Amino acid sequence: MTSLDRELAQERAYHQTCRAALTGMVEGADVQVVRGENAFASGADAEVLGYQLRSWAKELREEPDGPLFFGRLDFAPADPHADAPGDHAGQSYHIGRRRISEHPSAPPLVVDWRAPVSRTFYQAGARDPMGVAVRRRFGWAPGSQGAAEDLTSLEDEPLGETASHTSDQAEARPGTPDPAVARPGTILAAEIERPRVGPMRDIAATIQPEQDDLVRSELDRSICVQGAPGTGKTAVGLHRAAYLLYTYPQRIRRGGLLVLGPNRTFLHYIAQVLPTLGEVGIRQSTVDEEVARVPVRAVDEPGAAAVKHDARMARVLHRALYARVGAPETSVAVPDGSYQWRVSLGRLTEIVEAVRAEAPPYAVGRERVRSRAVRVIQLQAEHRAGPMNNTWLQRISRARPVSAFVDTAWPKVTPEEVLAALFGDPDALAAAADGILTADEQKHLLWPKPPRSYKSAKWSAADLVLLDELAGLIERPEGYGHIVVDEAQDLSPMQCRAIARRSGFGSLTVLGDLAQGTTPWAARDWPDQMAHLGKPDARVVPLTTGFRVPAAIVALANRLLGELDVSVPPSRSLRRDGELTTTKVTDVRDGVVHSVRAALAHEGSVGVIAHDAEVPALREALAEAGVATAEPDDLTASARVTVLPATVAKGLEYDHVVAVEPAAIAEAEERGPHRLYVVLTRAVSRLDVLHSRPLPTALAATSGANLPYS
């Protein structure tokens, strides 16, 4: 038995020990639930304790099957000449996705990747070993459910002066290399490059130093990641969410954590990342779902949608809402037994003007006006008869004259009522939009035929954002402790404001790529976008080095940057594998069938991406050829081939991508070149560009080229 075989046997045995300990943790958590629910404590304390224990037990039971550790740190022995030995000198730690121990008070068998000591696993290097002698990575069989025998290889990286494992690995490589031993760095490379099938995976085993810096940023710091394709920005955001929940559990769970994606297809794709990292119960949603007060039953013309998403609409809506506030019309006289209390018209006017100057939320202002009018009456009564009790105060507050005054001066409204009145009345819109919107822009907003009542109005998706703005002006929503926003470059200013309202007392992790902005209102720069999101001082950090997309594919996509109206640095890739083929065909359908069949000879997923109108015909052609296909959001399908419109490709990735007719994608919309940039960067290993029409100018030099590289 070689030294390597002995090492693998020892690590497999250790994994068995960890598996038994995890089973004990699950069983112990269930026992604690029973004990906690029967705790001799107050009802409230027992309920809180029971909830916490049940949550912990549920979290453990829902832990996805898989390897329990992916790395190990061996710290160098203490230096006898050092003034103070390192905290971890001489220690060895296995690193995994969750802390595992045989008893809560016992030292961990596996250290959570988010623990402070684990940072060394990602940050230590030859220049600064951070006290580490050897960093070990483990290679597991693809798709492993965590069986010990699936541990197939290990790789040691000596970092410090003491590298005790180097000789062991040298013994394992005499003559013909042992196939179980990876070349330096190949376990990490294989994990990054292994086929993309099913949902998105976590990257806990492959986090790079610059990604780790972002993941571990402080909770009170909002950050914006400008990430080129394949740099792992989405994974960074999700791992930051898991890190914050681990590091600040009480602060985050008090307000909650929200992950916002561009669409449901994308959310289905990333849904399993957080559970694999030990975090469940996190809300994952879209902006449209967050603002969905009423059903969407109308579709805006492009001009109307553009105006509604414009930041100026916030001022228009503010004017329209507060135009409801008016001067009192009469004094107030409130009968109280045989006596009558009076508040003069002048005093009431002063109250309304003072509250309006304070600019509280509309609903708060309404109650503030009521309470101050009642306070005037209370002072009169107490001057005459002494202190008044709460029952008296409530009766005066509900008195008909007081309510009539409040309803006149500061009427109760709903967002739907205000917006319907604005879009249904040219004079009201002109008054609210004066000096803000042009006459033509106002015409886009007016309803040709107003409904009889706002309750019967048909609202568009853009209207929901406006209704949410009004709802926020009336009463501030409860905020989240932290929000992760992906594909943030595509958000309109009004959508950004909807997010800002939900993070007023929390922080943001904003992820995006200006080059991939495809909506009509997509951001051109991050400072403006972060200002709309309510975090103008957020740090903007570029990620330009990719680990997902091979270098030749990145170079092809970079040719398009000059045609985009944003300033982003070209991305680069550390990968030199993969294939890029650009082929002119006479029949696109036949070309796709041929390309897909060739792709299926390789391992992994295949994505056929085309202009939306071409998708049905391509699905039909593949079906006629006997090739099964899956829907983009069906991650459980057995079919390896997905045919999807270019408009839903963002954020997804496939081992082999067939990009169909780039010219049609580029010409389909105003920001078509941005859309094409997205399509070209979905490939993890191989990209086939098929075209029957001339390619866009930036790509034309590759026409007819077959460019495999290694």
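Since the model is a prediction, treat every value here as computed from it, not as a measurement.
Between F138 and H15, the gap from one ring centroid to the other reaches at least 6.0 Å.
Annotation: side chain of L4 is in contact with side chain of L154 (closest heavy-atom distance under 4.5 Å). Under the 4.5 Å side-chain criterion, counting only non-hydrogen atoms from C-beta, V287 is not in contact with E290. Using a 4.5 Å heavy-atom cutoff, the side chains of I483 and L260 are in contact. When side chains are defined from C-beta on, V510 does not count as touching V225, because their heavy atoms never get closer than 4.5 Å. In this structure, V554 and R572 have side chains that are not in contact, with every pair of non-hydrogen atoms separated by 4.5 Å or more. The side-chain heavy atoms of D112 and R97, taken from C-beta on, include no pair separated by under 4.5 Å. Here the side chains of T642 and Y654 are in contact, with some heavy-atom distance below 4.5 Å. Contact check for C496 versus Q529: side-chain heavy atoms found under the 4.5 Å cut-off.
Here the CD-CG distance, from E218 to L244, works out to 9.0 Å after rounding to the nearest 0.5 Å. From L644, atom CG reaches atom CD of E631 across 10.0 Å, with rounding to the nearest 0.5 Å. The line from CG of L22 to OG of S101 is 10.0 Å long, rounded to the nearest 0.5 Å. Taking CG of L274 as the start and NE2 of H239 as the end, the distance is 8.5 Å to the nearest 0.5 Å. Note that CG of D537 and CZ of R539 are 13.0 Å apart. Values are rounded to the nearest 0.5 Å. In this structure, E149 CD and L8 CG are separated by 13.0 Å, a value rounded to the nearest 0.5 Å.
For H482 and T509, the side-chain atoms include at least one donor-acceptor pair closer than 3.5 Å. Judged purely by distance below 3.5 Å, without hydrogens or angles, the side chains of Q123 and D128 never pair a donor atom with an acceptor atom. A donor atom on one side chain and an acceptor atom on the other are found under 3.5 Å apart for T234 and D486. Side-chain atoms of Y269 and E653 form a donor-acceptor pair, as typed in the model, at a separation below 3.5 Å. No side-chain donor from either of S605 and R640 sits under 3.5 Å from a side-chain acceptor of the other.
Annotation for R119: atom CZ counts as buried by contact number, over 12 foreign heavy atoms lying within 6.0 Å.
The aromatic rings of F75 and H88 sit tilted relative to each other, their planes meeting at an angle between 30° and 60°.
Of the charged side-chain nitrogens involved, none lies within less than 4.0 Å of a carboxylate oxygen, so that D655 and R682 do not count as a salt-bridged pair. Using a 4.0 Å cut-off between charged side-chain N and carboxylate O, R72 and D74 make a salt bridge.
Residues forming a ring pair (Phe, Tyr, Trp, His ring centres under 6.0 Å) with F121 (at least two apart in sequence, or on another chain): F70.
Although no hydrogens or angles enter the test, the distance criterion places a donor-acceptor pair under 3.5 Å between the side chain of S507 and the main chain of L219. Remark: side-chain polar atoms of W526 are not paired, donor with acceptor, to backbone N or O of Q489 under 3.5 angstrom. Judged by distance alone, with hydrogens and angles left aside, the side-chain atoms of K650 form a donor-acceptor pair with the main-chain N or O of Q516 at under 3.5 Å. In this structure, R135 contributes its side chain and L159 its backbone to no donor-acceptor pair below 3.5 Å. Between the R114 side chain and the R240 main chain, no donor and acceptor come within less than 3.5 Å of each other. Counting only distance, with no hydrogens or angles, the side chain of Y14 and the backbone of L109 share a donor-acceptor pair below 3.5 Å. Side-chain atoms of E210 do not come within 3.5 Å of backbone N or O of Q208 as any donor-acceptor pair. Using a distance-only test at 3.5 Å, with no hydrogens or angles considered, no donor-acceptor pair links the side chain of T231 to the main chain of G546. K535 places a side-chain N or O within donor-acceptor distance of the main-chain N or O of S503, the cut-off being under 3.5 Å.
A cation-pi arrangement is present between R251 and Y248, with the terminal nitrogen or guanidinium carbon under 6.0 Å from the aromatic centre and inside a 45° cone about the axis.
Between L491 and I499, the shortest heavy-atom distance links the atoms CD1-CD1, 3.5 Å. Heavy atoms only, all atoms of each residue included: V291 and A498 are closest at CG1-CB, 4.0 Å. Taking each heavy atom of V485 and L508 in turn, the nearest pair found is CG2-CD2, 4.4 Å. Here the closest heavy-atom approach between residue I95 and residue W113 is recorded as CG2-CA, 4.0 Å. Considering all non-hydrogen atoms of both residues, P67 and S144 come closest at CD-O, 3.8 Å. For the residue pair A148 and R12, the shortest heavy atom distance occurs at O-CG, 3.2 Å.
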Step by step, would you call I270 with V259 a side chain to side chain contact (heavy atoms under 4.5 Å, CB included)? CA-CA 10 Å; I270 68 170; V259 175; 4.1 Å; yes
Apply the test side chain to side chain contact (heavy atoms under 4.5 Å, CB included) to residues T17 and E102: give CA-CA distance (whole Å), side-chain angles for both, the deciding distance (0.1 Å), then the verdict. CA-CA 9 Å; T17 301; E102 294 175 311; 4.0 Å; yes
Begin from the C-alpha positions of M25 and I100 and carry the test side chain to side chain contact (heavy atoms under 4.5 Å, CB included) through to its verdict. CA-CA 8 Å; M25 289 170 61; I100 299 174; 4.0 Å; yes
Start with the C-alpha distance between S285 and L258, add both sets of side-chain angles, then the distance that settles side chain to side chain contact (heavy atoms under 4.5 Å, CB included), and finish with yes or no. CA-CA 7 Å; S285 183; L258 173 66; 4.1 Å; yes
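Just one of E11, E155, E157 meets the salt bridge (charged side-chain N to carboxylate O under 4.0 Å, His left out) condition when paired with R136; it is E11. Considering R264, Q284, R283 as possible partners of E289, the one that fulfils the side-chain hydrogen bond (donor to acceptor under 3.5 Å, both in side chains) test is R264.
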